[in-house]
Structure formats: structure tokens, C-alpha cells
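First the structure, in the form of C-alpha cells, and then the observations on it.
Just so you know, ligand 1 is whichever comes first in the structure, and atom 1 is the first atom listed for that ligand.
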Amino acid sequence: MELCKNKHIRYIESLDKRHEDYEYWLSEHLRLNGVYWGLTALCILDAKDTFNRTEIIKFVDSCWDDRYGGFAPFPRHDSHLLTTLSGIQILATYDAIDDVLKGDRMDRCVQFIVGNQLDDGSFQGDRFGEVDTRFVYTALSSLSILNKLTNEIVDPAIRFILRCYNFDGGFGLCPGAESHAAQVFTCLGALKIVNKLDMLSEEQIEETAMWLCERQLPEGGLNGRPSKLPDVCYSWWVLSSLAIIGKLDWINFEKLREFIISSQDVVNGGISDRPDNEVDVFHTIFGLAGLSLMGYDNLVPIDPVYCMPCSVTENFVKYI
Ligand SMILES: [Zn+2]
């Protein structure tokens, strides 16, 4: 079976037109993330122009939270680190950061991100205080794209990340928490963004690679931690992690490709978490991103650290 590229493009296009759907409004809190997932999927499919650039930038602008700084998932909601990163990623993809973060907004955006860093170097997602290694990645990725990283922010953040490394080679969401593939990605990605992968020893990286390749199950798909079902989104969290440490070939590409391809809806487009389930934009982007990392189907190359097209990220200023 082949990848139904055109059907996936039509599927993502249709998401933008389903405003009257109950389901659509139910997922309102994910809206800005959803736009980022859809846009990035379209970029991988070389169909970026399917979305209307002007309208999308206007929508991102309308999600600016003027009370706290940063971007909210939807107009008049509260900003959060996750949606702030999505907003910045969309703007960077359209080369429109300066158009939206103008006046004092750039400083306020940086202040919002930095203001969520805690004394131990970790970050909370917003002022309600949930802490997770995801937010360290989110903060460092955002500040890196904006070229606003400093030692005062980076050094404690790295110390926190290293405390989340587990004896089995994985990383957890906080020190002592169980290893999880998504957390491995956020920790390796954060280290890579600030050029600090060498804080891990060769043996530690080897252990991490072993833990990651054990995520592949006999049916070809990858799971997020031992004894769980395979899920297409882990094609991204696991493969990007292996790509970051230069060990992508530790996975059987052929079998993983088959698993992702068999999870697509060949009638209406979109990709689901595993074969025969309902599709969604989240699994569509991460399935496509996984295929792109494996170099299949002439897809546009994706950056394993930022999950954005390489043609965009090659312009980012490197942190040294
Ligand atoms: Zn999933």
C-alpha cells in the first residue's frame, strides 16, 4: 500500500472548514496546537499553500494573551507554554514573527516564558503550576526560535533535565518518574537545542538508544513504554530521539513504515493511532513526520529537534 498524499492534504484542509462541528468546539483548547500540526503536516506533504497564510497569521495574532503575554489556544483564553510554542512555530514557518511579536510583545512573550521557570530549573506550563520535562523543551525551543536563550535560563534547565535521566536509559517527566518515549524526546531535544548533548556520556547515550529501539514491537509499530500497545505518534517521539543521537538505523524502517501506512484512512485521508481507528490531525502529523525522518515517499525533510521543516530551522541562530 502507498501513502495517500492527496487524501491527507484534503483531510487537513477539511479541518479548517468544520467550525460548526460539535467535536470541533470540544477541542477548542487544542486549537492553536491543531493549526501547527495541520500546517506542519502540509509542509511535509509539500502543500504549505493549502492553508491561507494571511488568515492563519491573523488567527495566531488573535490568540495573543495581552494580560500575561504568550499565546493562548484560542482568542480570549489564557496563554500556556505549549500554545506559545505552537504560535511561534507557525509564525516562524511563515517567516512572520516580527509581524506579530512587534512593539513590546517580543519582550512580554519572552518574559511570559522565562517567568514560568522555577528555582530548580524546571518550567511550569502556566501559573497553575504543572511541572513536566515537556515544558522545559517547550520553553527552550521557543526561546531558541526567538534567539533569546541565555546562560541564566539554560544552565539550571539542563541540570533539571539531567536529573530526569533514569537507570534504564530513558527519561521521565520529573526526577524519579517512569521512563516514557515522549519525555526522552523532550529531554534529548532540549539538550540538543542548547548544544549540551555531551553532558550525557557515550554509555548513557547507548543505554538510551537501546531503550528506544526496544519500543519496536513485532508488528512494526512503536510503543511509548514497555508493555503498551503500538501507537503511530511514537513513530515520531522515538525516531526523532534516535535521529538526535545519530542512531536512526537502530529501527526496522520497513516494518514501521508498513505500520504507519496501514493506519491511514484510504477513503477520507488522515492517519490514526493504529490500524482501523478514527483518524485525527495529531496522529496524521506524527505519522507523516516519522515517514519523513525515514526518508520515504519524497516527503519534505523534517527537523527532528524542532518538528518543523528543515528549510525553516536551518535559519535559526545556533546557541553556543
Ligand atoms: Zn498516540
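Relative ring orientation between Phe316 and Tyr306 is described as perpendicular, the plane-to-plane angle rising above 60° on a 0-90° scale split at 30° and 60°. Note on ring orientation: taking the six-membered ring where Trp is involved, the planes of Phe74 and Phe59 are perpendicular (angle over 60°, cut-offs 30° and 60°).
Annotation: side chain of Leu45 is in contact with side chain of Leu299 (closest heavy-atom distance under 4.5 Å).
The ring of Tyr137 has its center closer than 6.0 angstrom to the ring center of Phe185. Residues His80 and Tyr68 keep their aromatic ring centres 6.0 Å or farther apart.
For the Zn ion (ligand 1), the tally of protein N/O/S atoms lying closer than 2.8 Å stands at 4.
Taking CG of Leu288 as the start and CG of Leu293 as the end, the distance is 11.5 Å to the nearest 0.5 Å.
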